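Inspection log for the structure reproduced underneath, given as structure tokens.
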Amino acid sequence: MERGLISVDRWSGGSQAYFLTHLHADHTQGLSSAWSRGPLFCSHLTSKLLPFKFPNFNLSLLRVLEVGSWHSLSLTSPSSGTKTAVQVMLIDAHHCPGSVMFLFRGEFGCLLYTGDFRWEASIEKAYTSKIILLNAIKGSKLEVLYLDNTYCHPSYAFPSRVDAAKQVVDIIISHPEHDIIIAIDNLGKEELLLYISRMLKIKIWVWPERLQTLHLLGYEDIFTTKTSFTRVRAVPRYSFTVDTLEGLNKVRPTIGIMPSGLPGILGHFGMNENLCTSLADSRSNGFKSSEIFTITSNGQKWNVRSVEKLHQYIYSVPYSDHASFSEIQEFVELVRPINMRGIVSSSSCYINPLYYFGHFRGVNQPSQKSWQKHKGVESMSAIQTESLCQISHCPNLARKRRRSEKIRILGHRFSRVSALRRVRQGVKIVENDCVD
DNA sequence: GCGATCAGAT
DNA sequence: CACATCTGATCGC
């Protein structure tokens with residue numbers, strides 16, 4: 001294959017310029033403190049956070065670009081050896097601090113790589129991004145949209161982050177004598193914690209490394225590492241389990257809150273399936289186990305998730321840093337790409353955004369999708385799978401637990417679970433076909 | 001021995 | 001399991 005010109009969230013080499021959308025671990029696989037393959041372009045905030053994640057990173061390779069204006073790069077065409085100009089614009093992705101989309105212009109045409117993003121069009125700062133993006137692509141066709149298809153299915157409907165944050169505060173208020181733990185990652189959900197702090201006028205405990213990140217982000221006086229200062233603690237998601245909550249409740253009454261766009265699925269947190277089912281009808285503290293309510297968004301009505309009580313001590317709140325299905329739809333309709341590709345897949349399952357949004361494309365295409373026109377009779381599958389295993393057509397209903405069985409093929413260890421591993425795809429853009 | 005990568009768990 | 005991250009095992013130099 002021809003050597004690439006630029007790579008986005010891909011670190012395997014072979015390009016002249018490398019672009020990082022944000023600092024979550026699934027976008028930095030292959031990036032390390034010893035990075036030396038070429039210049040790394042990112043937002044200002046990402047450049048501030050990056051040395052904390054990668055100590056001793058060679059800062060002379062960092063190229064900080066501001067959001068909302070075109071930047072020109074002069075690269076060398078891999079095939080002809082002549083200079084070729086590439087322009088890039090960063091658009092705020094509203095996913096986590098520093099996260100951006102990259103809009104490219106060059107001989108290959110106009111390409112947009114969203115990275116992970118949220119698109120709450122009603123929020124003012126998202127509206128600003130919308131205007132910037134519209135002006136940037138005005139008059140030119142968007143050849144390819146590389147899209148965050150994490151929640152690219154109509155069953156993924158959830159409210160704005162502000163509304164979800166209110167739900168979190170309601171839960172905390174209704175448990176005045178409880179300690180509260182909230183599951184978070186190394187980056188992201190800061191605005192949720194800030195909202196809780198403001199509304200309840202309390203500090204939030206975080207672990208020491210997380211406090212350093214928060215200080216880098218400019219949050220002052222809101223977070224603490226002293227447990228005696230507050231009853232609300234944000235803890236790493238990997239430490240948030242049923243066992244943890246049950247252990248904490250032997251010492252003090254404690255509830256856990258999991259902010260996530262994913263519905264509370266059986267088996268999460270090592271939960272017993274029967275226990276969860278038996279709780280499906282239970283109610284306490286005024287919260288139904290799974291409330292659904294309707295909102296209007298993008299000219300359509302959507303039944304969005306609300307708080308779910310997953311366990312005696314665990315609530316799930318639909319606070320998501322990824323776009324919901326209706327937001328993805330609104331985004332695709334806005335930019336009207338000629339072609340598009342999801343950036344998230346597992347090795348055996350990929351939700352093709354063309355299935356749902358093909359009709360929004362900017363030029364006439366052979367009819368591939370069927371969702372809008374003839375629902376239920378599809379000429380194309382929304383989810384492409386390998387023959388390895390069966391998966392339900394609706395991912396939200398695909399709740400059958402797959403066995404983690406290991407079989408041997410030609411002497412190699414092989415695991416079905418690993419075959420289902422989710423992978424985040426970066427992209428390498430080459431001169432001719434724009435797709436690696 | 002060390003970093004990179006993989007598999008599994010959280 | 002389509003959120004992201006950690007840990008331990010294994011690989012490759």
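Every chain is numbered from 1, with letters handed out A, B, ... down the list of sequences. Keep in mind the model is a prediction, meaning the values are calculated, not measured.
When the side chain to side chain contact (heavy atoms under 4.5 Å, CB included) test is applied to A/Thr227, the partners found at least two apart in sequence or on another chain are A/Trp205, A/Arg233. A/Leu200 pairs by the side chain to side chain contact (heavy atoms under 4.5 Å, CB included) definition with A/Val169, A/Ile172, A/Ile173, A/Ile196, A/Ile202, not counting sequence neighbours. For A/Asn58, the side-chain hydrogen bond (donor to acceptor under 3.5 Å, both in side chains) partners at least two apart in sequence or on another chain are A/Ser60. With sequence neighbours left out, A/Ala323 forms a side chain to side chain contact (heavy atoms under 4.5 Å, CB included) with A/Phe117, A/Glu327, A/Ile328. Checked against side-chain hydrogen bond (donor to acceptor under 3.5 Å, both in side chains), A/Asp185 has the following partners two or more places apart in sequence or in another chain: A/Arg237. Applying the salt bridge (Lys or Arg N to Asp or Glu O under 4.0 Å) test to A/Glu120 and every residue at least two apart in sequence or in another chain returns A/Arg118, A/Arg161. Remark: A/His24 engages A/His22, A/His95 in a ring pair (Phe, Tyr, Trp, His ring centres under 6.0 Å) (not counting sequence neighbours). In terms of the ring pair (Phe, Tyr, Trp, His ring centres under 6.0 Å) criterion, residue partners of A/Tyr313 (sequence neighbours excluded) are, by chain and number, A/His311.
Proximity of a side-chain donor or acceptor of A/Ser316 to a complementary backbone N or O of A/Val307 within less than 3.5 Å is not detected.
We find that CZ of A/Arg210 is positioned 12 Å from C1' of C/dA4, with the value rounded to whole Å. The distance from atom CG of A/Leu23 to atom C1' of C/dT5 is 14 Å, rounded to the nearest whole Å. In this entry the distance linking CE of A/Met258 with P of C/dA4 reads 12 Å, nearest Å. When rounded to the nearest whole Å, the span between CG of A/Asn149 and P of C/dC1 equals 18 Å. Between A/Arg305 atom CZ and C/dA2 atom P there is a gap of 16 Å when expressed in whole angstrom units. The CZ-P distance, from A/Arg118 to C/dA4, rounds to 14 Å in whole Å. C/dA4 atom C1' lies 6 Å from atom CG of A/Asp26, rounded to whole Å. Note: CG (A/Asp9) to P (C/dA4) measures 12 Å, nearest angstrom.
Within residues 183-191 of chain A, the residues that place at least one heavy atom under 4.0 Å from DNA chain C are, in residue-number order, A/Asp185, A/Asn186.
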Taking N or O atoms only and anything under 3.5 Å, show me the protein contacts with nucleotides 1-5 of chain B, one pair per line.
unit_1: B/dA4; atom_1: OP1; unit_2: A/Ser32; atom_2: OG; d: 3.3

Write down the protein N/O and nucleotide N/O pairs, taken from nucleotides 11-13 of chain C, whose separation is under 3.5 Å; answer none if there are no such pairs.
none

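For A/Thr241, taking side-chain heavy atoms from C-beta onward, the closest of the listed nucleotides C/dC1, C/dT5, B/dT10 is B/dT10. Of the listed nucleotides (C/dC6, C/dA2, C/dA4), C/dA4 has the atom at the smallest distance from the side chain of A/His322. Of the candidates C/dC1, C/dC6, C/dA4, the closest approach to any side-chain atom of A/Leu262 belongs to C/dC1.
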Side chains of residues 41-55 of chain A: which donor-acceptor pairs under 3.5 Å do they make with residues two or more places apart or in other chains?
unit_1: A/Ser43; atom_1: OG; unit_2: A/Thr46; atom_2: N; d: 3.3
unit_1: A/Ser43; atom_1: OG; unit_2: A/Thr46; atom_2: OG1; d: 3.1
unit_1: A/Ser43; atom_1: OG; unit_2: A/Gly98; atom_2: O; d: 2.7
unit_1: A/Thr46; atom_1: OG1; unit_2: A/Gly98; atom_2: O; d: 3.0
unit_1: A/Ser47; atom_1: OG; unit_2: A/His44; atom_2: O; d: 2.6
unit_1: A/Lys48; atom_1: NZ; unit_2: A/Leu216; atom_2: O; d: 3.2

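Ion pairing between a basic and an acidic side chain is recognised when a charged N comes within 4.0 Å of a carboxylate O; A/Arg210 and A/Glu190 show such pairing.
Other residues, nucleotides and ligands contribute more than 12 heavy atoms inside 6.0 Å of the CD atom of A/Glu220.
For C/dC1, neither phosphate oxygen OP1 nor OP2 lies less than 4.0 angstrom from any side-chain nitrogen or oxygen of A/His153.
Within the 4.0 angstrom heavy-atom criterion, only backbone atoms of the sugar-phosphate kind lie near A/His95; the bases stay farther away.
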